[in-house]
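These numbers were taken from a predicted model, which means no experiment stands behind them. Sequential numbering from 1 along the given sequence is applied to the chain's residues.
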Amino acid sequence: TNAQSPAGKAANPVITGASRITTDPETNTVSFVRMKEESQVPASDGPQWLKANMLNNVDAATSYKLIRSESDQLGFTHDRYQQLYKNVPVEDAIYIVHSKNGRITSANGVAYGEIQLNTQPSLTKEAIFNKAKAHVKAVKYAWEESRYRMLPPVNEAALKILKHNT
């Protein structure tokens, strides 16, 4: 990619407290940012900071959800955030916020701005279920037999044993 990387004073106006920024020309979003040593952005502000700085607050329907947090032997915490659009996860849109001593030191990842999608399902759960049953083309299903209704969910191999079907 032809990533652009403002550094020093050129980086600061884009993200307050940044010493280096790399942008992705395909998504027109920030793909990497390193914060200055004196920067005091609290790690607890991760989701709000990501939205404000990686996407420039362009979309009220976009948010970030913490999906995993890990700490390493050097004292850094690495928080992985999933980008959401209208509470639906955006495919491959993960951002990692790196922090130490409770403040953000850097961040990297993929974000997508200006998403314009209808997130309402076009099929009901029942319609999806009926299409799946039609695709399988079975005559009868285990959950339809009363003797199996009280059993906990089982996998296919266990069900074959129960039915003496190898």
Side-chain angles (χ1 to χ4, degrees), residues 1-132 135 152-158:
T1 63
N2 296 326
Q4 300 175 359
S5 298
K9 289 183 181 179
N12 202 37
V14 180
I15 297 176
T16 303
S19 63
R20 182 165 193 79
I21 297 171
T22 303
T23 58
D24 183 338
E26 290 181 30
T27 62
N28 197 28
T29 59
V30 175
S31 58
F32 173 80
V33 61
R34 179 173 314 284
M35 302 302 286
K36 293 178 182 174
E37 288 288 329
E38 64 272 12
S39 173
Q40 296 295 317
V41 179
S44 59
D45 289 351
Q48 299 84 0
W49 182 81
L50 284 171
K51 183 173 179 176
N53 292 289
M54 303 311 127
L55 297 172
N56 298 319
N57 281 322
V58 295
D59 191 351
T62 296
S63 60
Y64 285 91
K65 177 184 176 185
L66 180 66
I67 56 174
R68 185 170 61 212
S69 185
E70 300 170 336
S71 296
D72 63 25
Q73 296 101 349
L74 299 174
F76 285 91
T77 299
H78 311 280
D79 294 331
R80 291 181 184 271
Y81 291 92
Q82 169 74 60
Q83 183 182 351
L84 305 174
Y85 177 73
K86 295 184 180 178
N87 292 321
V88 176
V90 177
E91 186 78 19
D92 297 326
I94 303 288
Y95 231 94
I96 306 169
V97 175
H98 310 278
S99 60
K100 189 169 186 176
N101 299 324
R103 67 173 186 79
I104 296 174
T105 58
S106 64
N108 63 286
V110 176
Y112 296 96
E114 301 182 29
I115 300 171
Q116 304 273 324
L117 291 174
N118 179 0
T119 58
Q120 294 294 8
S122 58
L123 295 173
T124 64
K125 288 181 183 178
E126 294 78 21
I128 293 168
F129 182 68
N130 289 335
K131 284 183 177 278
H135 179 75
V154 294
N155 63 30
E156 187 176 345

**Message:** Any carboxylate oxygen within less than 4.0 angstrom of a Lys/Arg side-chain nitrogen, looking at Glu37 and Arg103?
**Reply:** yes
**Prompt:** When rounded to the nearest 0.5 angstrom, what distance separates NE2 in His78 from CZ in Arg68?
**Reply:** 11.0 Å
**Prompt:** Do Leu66 and Pro47 have side chains that get closer than 4.5 Å, going by heavy atoms?
**Reply:** no
**Pairwise distance CZ(Arg34) to OG1(Thr22) - rounded to 0.5 angstrom** = 9.5 Å
**Asked** So, for Trp49 and Ala107, which heavy atoms are closest and what is the spacing to 0.1 Å?
**Response** CZ3-CB, 3.7 Å
**Asked** What pair of heavy atoms forms the shortest contact from Ala93 to Tyr112, and how long is it?
**Response** CB-CD1, 3.8 Å
**Asked** Does the side chain of His98 reach to within under 4.5 Å of the side chain of Asn108, using non-hydrogen atoms?
**Response** yes
**Request:** Please name the pair of heavy atoms, one in Val33 and one in Ala18, separated by the smallest distance, quoted to 0.1 Å.
**Result:** CG2-CB, 3.7 Å
**Prompt:** Do Ile15 and Val30 have side-chain heavy atoms sitting under 4.5 Å apart?
**Reply:** yes
**Prompt:** If you draw a 6.0 Å radius around CG in Asn101, do more than 12 non-hydrogen atoms from other residues or ligands fall strictly inside?
**Reply:** no
**Request:** Measure the shortest side-chain to side-chain distance between Gln82 and Ile94 over non-hydrogen atoms and say whether it is less than 4.5 angstrom.
**Result:** yes
**Message:** Contact between Asp79 and Tyr64 at the side-chain level, heavy atoms closer than 4.5 Å - yes or no?
**Reply:** no
**Asked** What is the minimum heavy-atom distance between Gly17 and Ser39, and which atoms define it?
**Response** O-CB, 3.9 Å
**Message:** Around atom CD of Glu91, are there more than 12 heavy atoms from other residues, nucleotides or ligands closer than 6.0 Å?
**Reply:** no
**Complete:** Taken to the nearest 0.5 Å, the spacing of Met35 CE from Ile21 CD1 works out to 8.5 Å
**Message:** Ignoring hydrogens, what is the shortest heavy-atom contact between Thr105 and Phe76? Give both atom names and the distance.
**Reply:** OG1-CE2, 3.7 Å
**Message:** side chain to side chain contact (heavy atoms under 4.5 Å, CB included) for Ile115 and Lys86? Distances and angles first, verdict last.
**Reply:** CA-CA 10 Å; Ile115 300 171; Lys86 295 184 180 178; over 6 Å; no
**Message:** Assess the residue pair Leu50 and Val97 against the criterion (side chain to side chain contact (heavy atoms under 4.5 Å, CB included)); give the C-alpha distance rounded to whole Å, side-chain angles, the decisive distance to 0.1 Å, and a yes or no.
**Reply:** CA-CA 9 Å; Leu50 284 171; Val97 175; 3.9 Å; yes
**Item:** Side-chain heavy atoms of Gln83 within contact of Thr29, under 4.5 Å
**Value:** no
**Prompt:** Just how far is it from atom CD1 of Ile104 to atom CG of Asp45, taken to the nearest 0.5 Å?
**Reply:** 7.0 Å
**Prompt:** If you take all heavy atoms of Ser106 and Phe32, which pair is closest and at what distance?
**Reply:** CB-CE1, 4.4 Å
**Prompt:** For Pro89, does its backbone N or O pair with a side-chain atom of Lys65 as donor and acceptor, under 3.5 Å?
**Reply:** no
**Item:** Atom NZ of Lys131: over 12 foreign heavy atoms under 6.0 Å
**Value:** no
